[in-house]
Amino acid sequence: MDYATLIQVSDSALRLATPLLLACLAGLFSERSGIFDIGLEGKMLMAGMASGAAAYLTGSVWLGMFAGIGAAILFSLIHGVASITFRGNQLISGVALNFLASGMTVLIAQALFHQGGRTPPLSGGARFTPIELPFAEALADVPILGPFYAEVLSGHSALVYVALLAVPTTWWLLYRTRFGLRLRAVGENPESVDTAGISVVRLRYSAVIITGILCGLAGAYMATGLQAGFGREMTAGRGYIALAALIFAKWRPWYALWATLLFGFLQALALRPDVIEGTFGLAIPVSFLDALPYILTVIVLAGFVGKAIPPRAGGQPYVKER
Amino acid sequence: MDKLPAWADLVLVPLISLLLAAVISVLVILAIGQDPWEAVRVMVQGALGSPYGWGYTLYYTTSFIFTGLAVTVAYHASQFNIGGEGQAQIGGLGVALVCLALPWPHWTLALPAAMVGAALFGAAWAAIPAYLQAKRGSHIVITTIMFNYIASALIVYLLVEVLRPAGQMDPATARFPKGAALPTFHDIPGLNLIFDAPVPANVTFLIAVAACFAVWVLLWRTRLGYEIRAFGKSERAAVYAGISPVKVIMVAMLISGALAGLMAINNVMGEAERLLQNSAEGAGFIGIAVALMGRNHPLGVFLAAFLFGFLYQGGAEMGLWTSIPIELRLLLQGLVILFTGALDNMVRMMLVPFFRSRRAA
């Protein structure tokens, strides 16, 4: 693989990693607060449909984005009601929401547009347009770093940069603020947080709502940035890859960035069989690249490469008193 | 929270959950501007109104019994097996390898061999997540999800690169030999008086019913079943009683995987007669809804599997004859899982006042 090809693949890797990164950080907030969330996929799907539909109807990508966030928060709240208020099984709730989303998105899109469960193609102001970073043009001729800056980093839509900025923001929020300390504590030992006079329920609901916002951004990017419109099942398992990345990253924000970039890179490679054959000298089956994120995650889960320890109170409903 | 009488917990909670799911679905149908009564009419007519409809409904029921039982057995060992979909696909691989290995003279010989193949492959696919849970504490839900995706990638690879006969375009195995074809309800003397046209429901239905009984015997009439249930209720008490957690998790998950794999007898051997991509078609996931709805009891699983068989076939007809998309099935499925599995405490809380007032009076 020569440098120009590497730049091309990295460019599409960053694009493909963005929804994974946003969803992964979404899961991070929820799971760090002690609420397992395997419904990331469904929330992204809902957000993709809502943002695609709203962007088409209003012609504004920003209104579309807010509609997507709203839809994802709605699903987050159902998850919250089931797992926080009614102390139900969080895993089952997540599974249920994924099916609900698969069905709902097609039903709504079909009722609105009669195009087989898709939203009409978006164009113009209904899509995110690429942003040229400053001096991208001028620096493009600088050897090695110039093309990297101009081709890989520059020229993406706003949400790619939002996703990248969300990493340090999440880190700062989790490790440098009082809210973050409490959030991490409530995922490890809710009794102690409760004893300190802080509401477990409120903390967990805030975490779940942040999860909704980030999933909303991920879905909106899928439908209005990565592609021009919503299509049925368009998230295609990305919510689960994000979940895998979250475990791979051991529930930490910076690791989440590297994990999702790695998985994004694998997805980008899978789209370029010619590059794989040229680089490795043999044809690696595309299905192997598709399965690699999951295989890597199983290996990490098995504890062969460090140990992935989930937040201790994850998955258990909090009962204040018996 | 007050406790409900056992019968209310077993019967009323799933029924109220189903009712809530139905009400929401009706509201959704109204919201998208369609006629819910027309939908119900088409569903009932399409699934139960003709021998043809029954043939499909019972065919789906058969698949869902197997995947529902798979979730049930794992559940009693407090393991949540979401991997039924992958285990059923790999079970299909086992069926295909067995059926293509020999020129089978008669289905009575091919069926037991294919069952062994299906069960072994399904169990093998559950074995790794089970081992990782038992020995290394990796969460079984996450690993089984991962194994679903690995399974479908593996099947795609095998169908495209290895098992596809030369000169065939679509990624699938060769057709199974004629001797491996299972008799459908249309071919069985006596039943063919009712099913006068070819239907997909086949002898596997009887095996599924037998499997319900076998699982009941296993869980409630054997020492192993007792160990599984004791472990599922309280791991610490079970360990104190000398029950090995590693053994229970492994055995329960292997049985669970084998049951999910056995589903392939129905769809791969009984219907498609070759292995296709995505052969399980979501039945593995429906098993979750079936087990929750059936309250993790084989009899309940049988009834819930029939309900979902009806919804599945009725939903397909509805997608064909009305303007309501077929995806309404997924909505119903999600709602049933949500109400029976995650919001069950809410349903119980709704019921408690009725029983409290009666007791007070």
Side-chain angles (χ1 to χ4, degrees), chain A residues 36 38 42 78-79 81-83 85-112 114 116-117 232 237 240-241 243-244 247 285-295 297-298 300-304 307-308 310 314-315 317, chain B residues 25 28-29 31-34 80 82 128-129 131-132 135-139 141-143 145-158 160-161 282 285-286 288-289 292 323-349:
Chain A
F36 278 157
I38 53 178
I78 301 178
H79 189 54
V81 167
S83 42
T85 307
F86 288 108
R87 296 173 203 142
N89 187 320
Q90 300 166 8
L91 298 166
I92 295 180
S93 166
V95 174
L97 289 176
N98 286 341
F99 288 122
L100 221 52
S102 294
M104 284 280 253
T105 46
V106 176
L107 284 168
I108 298 175
Q110 175 67 13
L112 284 178
H114 304 286
R232 66 170 72 193
Y240 291 110
I241 298 189
L243 197 67
I247 296 160
V286 171
S287 20
F288 178 71
L289 287 176
D290 288 340
L292 203 52
Y294 306 112
I295 296 173
T297 304
V298 170
V300 169
L301 266 174
F304 295 125
K307 201 147 173 61
Chain B
S25 303
V28 168
I29 296 176
I32 61 173
Q34 303 289 336
F80 185 21
I82 310 196
I128 305 167
Y131 178 82
L132 292 178
K135 284 282 190 186
R136 309 201 64 107
S138 325
H139 205 300
V141 171
I142 307 291
T143 41
I145 291 177
M146 301 296 141
F147 267 71
N148 281 340
Y149 282 98
I150 299 173
S152 67
L154 179 68
I155 294 286
V156 168
Y157 169 74
L158 288 177
V160 173
E161 305 284 344
F285 295 118
I286 293 176
I288 301 167
L292 288 169
S323 325
I324 304 169
I326 196 168
E327 277 77 9
L328 187 73
R329 298 195 301 204
L330 286 167
L331 181 78
L332 258 170
Q333 184 187 338
L335 287 169
V336 167
I337 296 178
L338 186 69
F339 284 117
T340 51
L343 284 171
D344 48 337
N345 285 332
M346 181 188 85
V347 177
R348 279 197 197 95
M349 280 181 206

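This structure is a prediction, so every number in the text was calculated from the model and none was measured.
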For A:F36, is it the side chain, the backbone, both, or neither that has a heavy atom closer than 4.5 Å to a heavy atom of chain B?
-> side chain
Residues, nucleotides or ligands: over 12 heavy atoms within 6.0 Å of B:Y131 OH = no
First locate atom OG1 of A:T85, then atom CE of B:M349, and finally report the distance between them rounded to the nearest 0.5 Å.
-> 9.0 Å
Measure B:I128 against the heavy atoms of chain A and call it side chain, backbone, both or neither at under 4.5 Å.
-> neither
Do you know the tightest heavy-atom contact between A:A96 and B:I337?
-> CB-CG2, 3.7 Å
Against chain B, label A:I78 side chain, backbone, both or neither, depending on which of its atoms sit under 4.5 Å from a heavy atom there.
-> side chain
Distance col, row B:L335:CG vs A:L97:CG, nearest 0.5 angstrom, shows 9.5 Å
What part of B:L132 lies closer than 4.5 angstrom to a heavy atom of chain A: side chain, backbone, both or neither?
-> side chain
Is it the side chain or the backbone of B:I82 that comes within 4.5 Å of chain A heavy atoms, both, or neither?
-> side chain
Under 4.5 Å from any heavy atom of chain A - which part of B:F147 = side chain
Applying a strict 4.5 Å limit to non-hydrogen atoms, the region of B:Y157 in contact with chain A is both
Okay, side chain of B:N345, backbone of A:F86: is any donor-acceptor separation there less than 3.5 Å?
-> yes
How far does CD1 of A:I92 sit from CZ of B:F80, to the nearest 0.5 angstrom?
-> 4.5 Å
Given the options B:I288, B:I145, B:V141, A:V95 meets side-chain contact (heavy atoms from CB on, under 4.5 Å) only with B:I288
Pairs of heavy atoms under 4.5 Å with chain B: top-ranked of A:A244, A:G103, A:A111 = A:G103
With a 4.5 angstrom heavy-atom cut-off, which part of A:S102 approaches chain B: side chain, backbone, both or neither?
-> both
Given the options B:D344, B:V336, B:L328, B:V156, which has more heavy-atom pairs under 4.5 Å with chain A than any of the others?
-> B:L328
Under 4.5 Å to a heavy atom of chain B? For A:I38 that would be side chain
OG of A:S93 to CG of B:L343, rounded to nearest 0.5 Å, is 7.0 Å
For the residue pair A:L100 and B:G334, what are the closest heavy atoms and their distance?
-> CD1-C, 3.8 Å
Euclidean distance, A:R232 CZ relative to B:E327 CD, rounded to 0.5 Å = 4.0 Å
Do you know the tightest heavy-atom contact between B:A153 and A:A291?
-> CB-CB, 3.7 Å
First locate atom OH of A:Y294, then atom CD1 of B:I142, and finally report the distance between them rounded to the nearest 0.5 Å.
-> 12.0 Å
